[in-house]
Asker: 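Quick one: this structure, given as structure tokens, is what I'll be asking you about.
Counting starts at 1 for both ligands and their atoms, following the listed order.
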Amino acid sequence: MEKKNLDWKNLGFAYIQTDKRYVSNYKDGKWDDGALIDDPNIVMNECAGVLQYAQTVFEGMKAYTTEDGHIVTFRPDLNASRMVDSAKRLEMPVFPEERFVDAVVQTVKANAAYVPPYGSGATLYIRPYMFGINPVIGVKPADEYQFRVFTTPVGPYFKGGVKPITICVSDFDRAAPHGTGHIKAGLNYAMSLHAIVTAHANGFDENMYLDSATRTKVEETGGANFLFVTKDNKIVTPHSTTILPSITRRSLMYVAEHYLGLEVEERDVYFDEVKDFAECGLCGTAAVISPVGKVVNHGEEICFPSGMEKMGPTIQKLYDTLTGIQMGHIEAPEGWLKVIE
Ligand SMILES: *Cc1c(COP(=O)(O)O)cnc(C)c1O
């Protein structure tokens, strides 16, 4: 298969239209068979449920080329089951998990010419999503839904080397107790836009959100989970029912324990103890781990010993091991890599 002639190494993170997308419609209580189509545009009624009451959920994942030339995705079964949880919380019908994985495979195969070559650092970003499409004006769940998957090639996350970032403790809240912080839904992002624009305007890369009930515990950023390394080299990640369960973070915790032999803890992390950690990173599909060099809380700075020049040693090991597994240099645990072709 002939690859598209794209400047892989210099792609950013922006939408680039690819050839095919997958669509399945839900009507009269059931999903249709689904198909790959050409048209990237969606025509819907002006009163569609998603437009009025934001009934939509999504997933984010990547396909890439391994060293031996296969196209793979990473743990798509976990994206499928997370989308089930998201859909249920917004009173949407469940898109069956096996069909989700099949739709991803079909869409990536149909756009294989856009999967960046091994070694470029670029990947094919995959966006499965689902939304209420029939007219809804009284507040209630839609009756008809559309499930879609599109792909878009994206460049290497760390262009020109890894640079630790500076984050600030946000004055805004991300998730209410018993709210929707644990699901992957556009609504959590819409309300985070003001907070991130404010953080950027103040010179910070990201927000650290604290638990909104007590404002004493670390939750996550707008789109990535925290992972900390203690001075005695334990891996600690916040436990909370209001953070989004990152697949990358769960995979890194497994790698820490089973590949690197480190002690791991998922527990309450109080903001007061952040100053005592040796390293800090943000985990998500986009970067795998993005190192944090500094946390600023209303002018008070916490600088991690790992500094502002490079990843700390333990986060670097975690990063190298997980990306090694993803790229096929290191043997993956059973079921982690889904070979597409
Ligand atoms: C998607 C997302 C993450 C990262 O999850 P991954 O499965 O690792 O990509 C973290 N936090 C939020 C709020 C998210 O939406």
Asker: Evaluating non-hydrogen atoms only, which member of Cys283, Gly222, Ala287, Ser246 is closest to atom 5 (O) of ligand 1?
Answerer: Ser246
Asker: In the protein, which heavy atom is nearest to atom 2 (C) of ligand 1, and how far is it?
Answerer: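 Minimum-distance protein heavy atom for atom 2 (C) of ligand 1 reads Lys184 NZ, 2.6 Å.
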Asker: Got an N/O contact under 3.5 Å between Thr221 and ligand 1?
Answerer: no
Asker: Of the options Cys280, Pro164, Pro291, which is the one that meets Phe304 in a side-chain contact (heavy atoms from CB on, under 4.5 Å)?
Answerer: Cys280
Asker: Arg174 to ligand 1: N or O pair under 3.5 Å?
Answerer: no
Asker: Does the residue Gly181 have a heavy-atom contact with ligand 1, meaning some pair of atoms that are separated by less than 4.0 Å?
Answerer: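 Per 4.0 Å heavy-atom rule, Gly181 does not contact ligand 1.
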Asker: Would you say the rings of Phe58 and Tyr189 are close, in the sense that their centroids are separated by under 6.0 Å?
Answerer: yes
Asker: Ignoring hydrogens and geometry beyond distance, is a side-chain donor-acceptor pair present between Arg99 and Tyr22 at under 3.5 Å?
Answerer: yes
Asker: Just checking Phe147 against Tyr145, ring centres under 6.0 Å apart?
Answerer: no
Asker: Residue-level breakdown please: for Ala224 versus ligand 1, do any non-hydrogen atoms fall below 4.0 Å on the side chain, on the backbone, on both, or on neither?
Answerer: backbone
Asker: Check this for me - ligand 1, Ile247, N or O atoms closer than 3.5 angstrom, yes or no?
Answerer: yes
Asker: Does the Asn134 side chain pair with the main chain of Glu144, one donor and one acceptor, at a distance under 3.5 Å?
Answerer: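 Side chain of Asn134 to backbone of Glu144, a donor-acceptor pair under 3.5 Å: yes, one is there.
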Asker: Mind checking whether Met61 contacts ligand 1 via backbone (N, CA, C, O), side chain (CB onward), both or neither, at a 4.0 Å heavy-atom cut-off?
Answerer: neither
Asker: Tell me if the NZ atom of Lys231 is crowded by more than 12 foreign heavy atoms within 6.0 Å.
Answerer: yes
Asker: Which protein heavy atom lies closest to atom 11 (N) of ligand 1, and at what distance to 0.1 Å?
Answerer: Glu220 OE1, 2.6 Å
Asker: Determine, stepwise, if the pair Phe100 / Phe95 fulfils ring-ring contact (aromatic ring centres under 6.0 Å, His included).
Answerer: CA-CA 7 Å; Phe100 176 105; Phe95 194 72; 7.3 Å; no
Asker: Quick one: nearest non-hydrogen protein atom to atom 9 (O) of ligand 1, plus distance?
Answerer: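 Of the protein heavy atoms, Thr285 OG1, 2.5 Å lies nearest.
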Asker: Among protein heavy atoms, which sits nearest to atom 3 (C) of ligand 1, and what does the distance come to when rounded to 0.1 Å?
Answerer: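 The answer is Gly223 O, 3.3 Å.
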Asker: Mark yes when over 12 heavy atoms from residues, nucleotides or ligands other than Glu263 sit less than 6.0 Å from its CD; otherwise mark no.
Answerer: no
Asker: Give me the nearest non-hydrogen protein atom to atom 15 (O) of ligand 1 as residue plus atom name, then the distance to 0.1 Å.
Answerer: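 Closest protein heavy atom to atom 15 (O) of ligand 1: Tyr189 OH, 2.5 Å.
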